[in-house]
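Written below as structure tokens is the structure these notes are about.
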Number of protein chains: 2
Amino acid sequence: MDTSLKSTLHRRGLRMTPQRQLVLDAVRELGHATPEQICTQVQRAAPAVNITTVYRTLDLLEELRLVRHTHLGHGAPTYSERAHEHVHLVCHHCGAVSEAPTALMDELADRLREREDFELDVTHVALSGRCATCREADLKASQELGEKEARA
Amino acid sequence: MDTSLKSTLHRRGLRMTPQRQLVLDAVRELGHATPEQICTQVQRAAPAVNITTVYRTLDLLEELRLVRHTHLGHGAPTYSERAHEHVHLVCHHCGAVSEAPTALMDELADRLREREDFELDVTHVALSGRCATCREADLKASQELGEKEARA
DNA sequence: TTAGGTGCAAAGCATTTGCCAGTCT
DNA sequence: AGACTGGCAAATGCTTTGCACCTAA
């Protein structure tokens, strides 16, 4: 696996460096993480590594199709391994991020292809909505409101 | 319509101002536009209006559920009228944005509700992928590549 | 010896905040 | 007077760029 990265780089006249390995390792360990978080993780092993290098390396790894980035809505994008494919669900109330199998989107992808002639990339953008926890909280709140109004 | 905005504001102890009207008008005219674009449009009528005001007003109008913002992937979000509900399809190759009926997402929304206990907000995030035009270009390119290889 | 790689500082965009002066009630 | 507004400048967060130095082929 590392061998393949090394040789892929080599084919392009690029080198394998400790920084590049560390960034890739960090992406793998962290699951989905922002450049900032990845930088912090890398700096545990090599404190001198600059965030600039992290950005540059992430761009490179993305070009090499080893990682991908996903926009979770606001703020920084998160990076994850390309191999680990899933759909992101972001709660825009509490900010929680969960993952769902991409198969959920298959039918939508088919329909978009047929009707809109659009080839969906399932992983690039997160789906936004309300998570289970926040929905329960909402339910409770509206019940309490209902009781209060009933009393009034 | 303006009356309802004015009275909605009034109920909250807020005032109707030329700036607020202009921002709302601009959102309606432009369809989906970034704060920057909205600001430019507003400044045609009132050059002194500051981008800060645009941001503040957009937040307010969003709270009042008159507009909504959508993340099209990279860069600034775009704002559009709340009433005009649709799904955004963004081509991450050429950047083109198209719109599709939200009904396309109904089944996905149902499945997410059932299986993931997640209440999808269809409009908040754009779907990313490859548009018809770019797919054709891809097809042509791969055909040419095929011919070239066949010759070799 | 030459391209590639990195660190550092500075610049660049998008957005938010603090503050003050003006305005409506 | 007191709350609401909007303009301006500065701060913030995220990312990119320019440049000098270093290292591997």
Side-chain angles (χ1 to χ4, degrees), chain A residues 5-27 32-43 45-64 67-79 92 95, chain B residues 5-27 30 32-43 45-64 67-79 95:
Chain A
L5 170 53
K6 195 173 174 181
S7 53
T8 311
L9 287 168
H10 214 82
R11 248 171 279 135
R12 300 209 182 194
L14 304 177
R15 288 176 223 138
M16 185 58 193
T17 67
Q19 285 91 335
R20 286 174 178 165
Q21 186 62 57
L22 285 167
V23 169
L24 182 55
D25 291 347
V27 170
H32 40 81
T34 62
E36 188 103 16
Q37 293 170 321
I38 292 165
C39 188
T40 305
Q41 172 74 9
V42 167
Q43 286 175 342
V49 173
N50 196 277
I51 187 137
T52 308
T53 302
V54 173
Y55 277 105
R56 285 192 280 229
T57 306
L58 287 171
D59 282 352
L60 177 64
L61 294 177
E62 188 152 38
E63 227 184 284
L64 300 180
V67 306
R68 78 166 101 244
H69 75 270
T70 307
H71 297 278
L72 298 183
H74 308 268
T78 65
Y79 286 77
H92 54 218
Chain B
L5 170 54
K6 194 173 174 180
S7 53
T8 311
L9 287 168
H10 216 83
R11 245 172 280 134
R12 298 208 183 194
L14 304 176
R15 288 176 222 137
M16 184 57 193
T17 66
Q19 285 91 337
R20 285 175 180 165
Q21 186 62 57
L22 286 167
V23 169
L24 182 55
D25 291 348
V27 170
L30 296 175
H32 40 80
T34 63
E36 189 102 17
Q37 292 170 322
I38 292 164
C39 190
T40 305
Q41 172 75 7
V42 167
Q43 286 176 342
V49 173
N50 196 277
I51 186 132
T52 309
T53 302
V54 173
Y55 277 106
R56 283 193 282 230
T57 305
L58 287 171
D59 283 352
L60 177 64
L61 293 176
E62 189 153 35
E63 228 183 285
L64 300 179
V67 305
R68 70 160 50 98
H69 75 270
T70 307
H71 297 278
L72 298 183
H74 308 268
T78 65
Y79 286 78

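Letters A, B, ... mirror the listed sequences (proteins, then strands); counts begin at 1.
Between the side chain of B:Glu62 and the main chain of B:His69, a donor-acceptor pair closer than 3.5 Å is present. Using a distance-only test at 3.5 Å, with no hydrogens or angles considered, a donor-acceptor pair links the side chain of B:Gln43 to the main chain of B:Val49. A donor-acceptor pair under 3.5 Å links the side-chain atoms of A:Arg20 to the main chain of A:Arg15, judged by distance alone.
Within the nucleic acid shown, B:Ile51 has no heavy atom closer than 4.0 Å to any nucleic acid atom. B:Arg12 comes within 4.0 angstrom of nothing in the nucleic acid, heavy atoms only. Counting any heavy atom pair closer than 4.0 Å across all strands shown, B:Pro77 reaches sugar-phosphate atoms only and no base atom.
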Exercise for the section: Kindly indicate, with the supporting measurements, whether the criterion side-chain contact (heavy atoms from CB on, under 4.5 Å) is fulfilled by B:Thr40 and B:Gln37. Expected result: CA-CA 5 Å; B:Thr40 305; B:Gln37 292 170 322; 5.6 Å; no

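Using a 4.5 Å heavy-atom cutoff, the side chains of B:Arg12 and B:Glu63 are in contact. Within the 4.5 Å cutoff, the side chain of A:Leu64 has heavy atoms near those of the A:Leu9 side chain.
Distance CZ/A:Arg56 to OG1/A:Thr53: 5.0 Å, rounded to 0.5 Å. Going from atom CG of A:Leu60 over to atom CG of A:Leu14 covers 6.0 Å, rounded to the nearest 0.5 Å.
Using a 4.0 Å cut-off, some side-chain N or O of A:Thr17 falls inside it from OP1 or OP2 of C:dT6. Using a 4.0 Å cut-off, no side-chain N or O of B:Asn50 falls inside it from OP1 or OP2 of D:dG6.
Distance CG (B:Leu14) to C1' (C:dT25): 14 Å, rounded to an integer number of Å. To the nearest angstrom, C1' of C:dA14 lies 13 Å from NE2 of B:His69. Computed from coordinates, the A:Lys6 NZ to D:dA24 C1' distance equals 12 Å when rounded to whole Å. Rounded to an integer number of Å, the gap from CD of A:Glu36 to P of D:dT12 is 14 Å. Whole-Å rounding puts the A:Gln19 CD to D:dC22 P distance at 15 Å. Atom C1' of nucleotide D:dC8 and atom CD of B:Gln43 are separated by 14 Å, given to the nearest angstrom. As rounded to whole Å, 14 Å separates atom P of D:dA24 from atom CZ of A:Arg20. Rounded to whole Å, the distance from CZ on A:Arg11 to C1' on C:dA3 is 20 Å.
Contacts between residues 52-62 of chain A and DNA chain C, defined by a heavy-atom separation under 4.0 Å, are made by A:Thr52, A:Thr53, A:Arg56.
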Fill in the blank from the handout: Secondary structure of DNA chain D per the Watson-Crick/G-U criterion (both distances under 3.5 Å; [ ] crossing, | other strand, . unpaired) is |||||||||||||||||||||||||

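Applying the side-chain contact (heavy atoms from CB on, under 4.5 Å) test to B:Leu22 and every residue at least two apart in sequence or in another chain returns B:Val42, B:Ala45, B:Ala46.
Nearest nucleotide to the side chain of B:Pro35, out of D:dT15, C:dT15, C:dG7: C:dT15.
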